[in-house]
Amino acid sequence: LALRLSRFANGVSELHGHVSRAMWQRVWPDVPKNEIPIAHVTNGIHTRSWLCSEIARLYERYLGPRWYEEPTNRTLWDRVDLIPDAELWRSHERMRERLVGFVRRRLREQLRSRGANRARVRRASQVLDPEALTIGFARRFATYKRANLILSDPQRLAAILNDPGRPVQIIFAGKAHPRDNPGKDLIRQIVHTARMDPFRRSMVFLEDYDMNVARYLVQGVDVWLNTPLRPMEASGTSGMKVVFNGGLNLSILDGWWCEGFEPDVGWAIGAGEEYADAKYRDQVDSRSLYRTLENDLVPLFYDRDANDLPRRWIEMMKHSIARLGPVYNTNRMVQQ
């Protein structure tokens, strides 16, 4: 009824529009699929709701105050190149340090609420490293989002996380629907893995996910991980929130990332393939994820100059902000 009577219908990303036209072809049985009147308007985020004050001050100083009023103006975003590498990096490092402090406090509260002994509560103050490459995964724990994909090969993951010269850490957060038992099983698997010796200090699950937790995460992580089953992610917006704070995306080519991805703004897991065999598909995607971490992402983060600055990583941060910033915001979405 809604589709027949509406003046306009749209998906929330280009891929979602394509999928929706196939799903609703029965409403227009005589119309070719590519002419079915369902368009797309890709989602965006309200920038100032998610932007940390540290980075906002840099934008005001180097982009000028007009960026608040004209967030879709690409010319203004091109001025991101004017921000000195050291200033952008030090601001981002402070946000990562703030995130680690928040996680430690939150973890201590979780343990106390469950009656953990004092020694275990004290150990919570030692989890994570404020200087280590930090990956974030936070969202609703539906099975199609595959929160456990990165756990597919625990031995290989442990080697990545515990490299003494190039440490990596992962922060998980989220909730499952109360009736979604498979989703709750994913959370149990992550919590169980995080308690194992190889992951005790480098993997954390935060309970009671809300907007406050989300802000700390999107403002402080270096990389945002997204591993849905393509093409089941209609759009996704959490990855957009890290862009404005200098974070980079590592994602399956699904939802908005199909449009946003370029090799110098982030990383793609796979090449947009779809497989009928679920087990084989997960194997292919997990291997692609591990290879990207081992060969591209981690080496780039720890490639430092004499001033301890990861110049090529910072270059990617700037490319991501300048190219994605003027597009994936609510101003553009509403105008469109």
Any chance you could measure F244, atom CZ, to N329, atom CG, to the nearest 0.5 Å?
-> 5.0 Å
Begin with the C-alpha distance, continue with both residues' side-chain angles, and end with the deciding distance and a verdict on salt bridge (charged side-chain N to carboxylate O under 4.0 Å, His left out) for E93 and R90.
-> CA-CA 5 Å; E93 285 195 310; R90 300 309 175 206; 3.0 Å; yes
Under 3.5 Å: donor-acceptor pair, side chain of E259, backbone of S13 = no
Is there a side-chain contact between D285 and T227 (heavy atoms, below 4.5 Å)?
-> no
Is the NE2 atom of H319 crowded by more than 12 outside heavy atoms at less than 6.0 Å?
-> yes
Any salt bridge (Lys or Arg N to Asp or Glu O under 4.0 Å) involving residues 209-225? Give me the pairs, sequence neighbours left out, ordered by first then second residue.
-> R96-D222
Should we count CH2 of W28 as having more than 12 external heavy atoms under 6.0 Å?
-> yes
When you measure from the side chain of D308 to the backbone N and O of R304, does any donor-acceptor pair fall under 3.5 Å?
-> no
Look at the side chain of N249 and the backbone N and O of G239, then say whether any donor-acceptor pair between them is shorter than 3.5 Å.
-> yes
Can you establish whether the number of heavy atoms outside Y280 located under 6.0 Å from its atom OH is more than 12?
-> no
Please assess K145 against E233 for the test salt bridge (charged side-chain N to carboxylate O under 4.0 Å, His left out), listing each intermediate value before the final yes or no.
-> CA-CA 8 Å; K145 293 178 184 286; E233 185 82 278; 3.1 Å; yes
Can you find a heavy atom in the side chain of E207 that is under 4.5 Å from one in the side chain of I187?
-> no
Verdict with supporting geometry, E54 and R98, salt bridge (charged side-chain N to carboxylate O under 4.0 Å, His left out) = CA-CA 11 Å; E54 290 265 351; R98 192 180 79 141; over 6 Å; no
Which atom names give the shortest non-hydrogen contact between V168 and S202, and what distance separates them?
-> O-CB, 3.7 Å
So do I252 and N226 actually touch side chain to side chain, heavy atoms under 4.5 Å?
-> no
Using a cut-off of 6.0 Å, state whether more than 12 heavy atoms not belonging to L5 lie near its atom CG.
-> yes
Between I269 and Y275, is there a shared hydrophobic cluster once you connect ILVMFWY residues whose side-chain heavy atoms come closer than 4.5 Å?
-> no
Under 4.5 Å between any side-chain heavy atoms of V127 and R104, yes or no?
-> yes
Do L297 and L248 pass the side chain to side chain contact (heavy atoms under 4.5 Å, CB included) test, and can you show the C-alpha distance, the side-chain angles, and the key distance before you say yes or no?
-> CA-CA 10 Å; L297 202 151; L248 299 175; over 6 Å; no
Quick check: are there more than 12 heavy atoms from other residues, nucleotides or ligands sitting under 6.0 Å from CZ of R114?
-> yes
Take atom CD in E131; do more than 12 heavy atoms of anything else shown fall under 6.0 Å from it?
-> no
Heavy-atom pair with the smallest gap, counting every atom of L111 and A124 | CD1-CB, 3.8 Å
For the residue pair F137 and F141, does the interplanar ring angle fall in the parallel (under 30°), tilted (30 to 60°) or perpendicular (over 60°) class?
-> perpendicular
For V327 against R74, the heavy-atom pair lying closest together = CG2-NH2, 3.2 Å
Value rounded to 0.5 Å, distance of CD in Q219 from OG in S53 | 7.5 Å
Using atom types as modelled and distance alone, determine if a side-chain donor or acceptor of H40 lies under 3.5 Å from a backbone N or O of T42.
-> no
Return yes if some donor-acceptor pair links the side-chain N/O of R230 with the main-chain N/O of L253 below 3.5 Å, else return no.
-> yes
Between I171 and L206, is any pair of side-chain heavy atoms under 4.5 Å apart?
-> yes
Nearest 0.5 Å please: distance from the CG atom of L157 over to the CG atom of L293.
-> 8.5 Å
Would you find a donor on one side and an acceptor on the other, under 3.5 Å apart, between the side chain of Y216 and the backbone of V103?
-> no
Does the distance from a Lys or Arg side-chain N to an Asp or Glu carboxylate O, for R140 and D180, drop under 4.0 Å?
-> no
For residues L88 and I55, determine if any side-chain heavy atom of one lies less than 4.5 Å from a side-chain heavy atom of the other.
-> yes
Does CD belonging to E274 count more than 12 external heavy atoms closer than 6.0 Å?
-> yes
According to the salt bridge (Lys or Arg N to Asp or Glu O under 4.0 Å) rule, which pairs have a member within residues 317-336, sequence neighbours left out?
-> D85-K318, E262-R323, D264-R323
Do T134 side-chain atoms and A132 backbone N/O form a donor-acceptor pair below 3.5 Å?
-> yes
Going from CZ on R21 to CG on N34, what distance comes out if it is rounded to the nearest 0.5 angstrom?
-> 8.0 Å
Summary of salt bridge (Lys or Arg N to Asp or Glu O under 4.0 Å) pairs that have at least one residue in residues 148-176, sequence neighbours excluded = R156-E294, D163-R166
Provide the closest heavy-atom pair for R146 versus P228 in the form atom of the first, atom of the second, distance.
-> NH2-O, 3.1 Å
Approximate separation, where rounding is to 0.5 Å, of N117 CG and R112 CZ = 12.0 Å
Looking at A138 and L217, what are the two nearest heavy atoms and their distance?
-> CB-CD1, 3.7 Å
Flag the pair F301 / W89 as yes when their ring centroid distance falls below 6.0 Å, and as no otherwise.
-> yes
Output for pair (D282 CG, L289 CG), nearest 0.5 Å, gives 11.5 Å
Residue pair L128 / Q169: nearest heavy atoms and the distance that separates them | CA-OE1, 3.2 Å
Y62, W67, Y328 screened by ring pair (Phe, Tyr, Trp, His ring centres under 6.0 Å) with W77, the one that passes = W67
N43 and M333, any side-chain heavy atoms less than 4.5 Å apart | yes
Note, F102 side chain near V213 side chain (heavy atom, < 4.5 Å) | yes
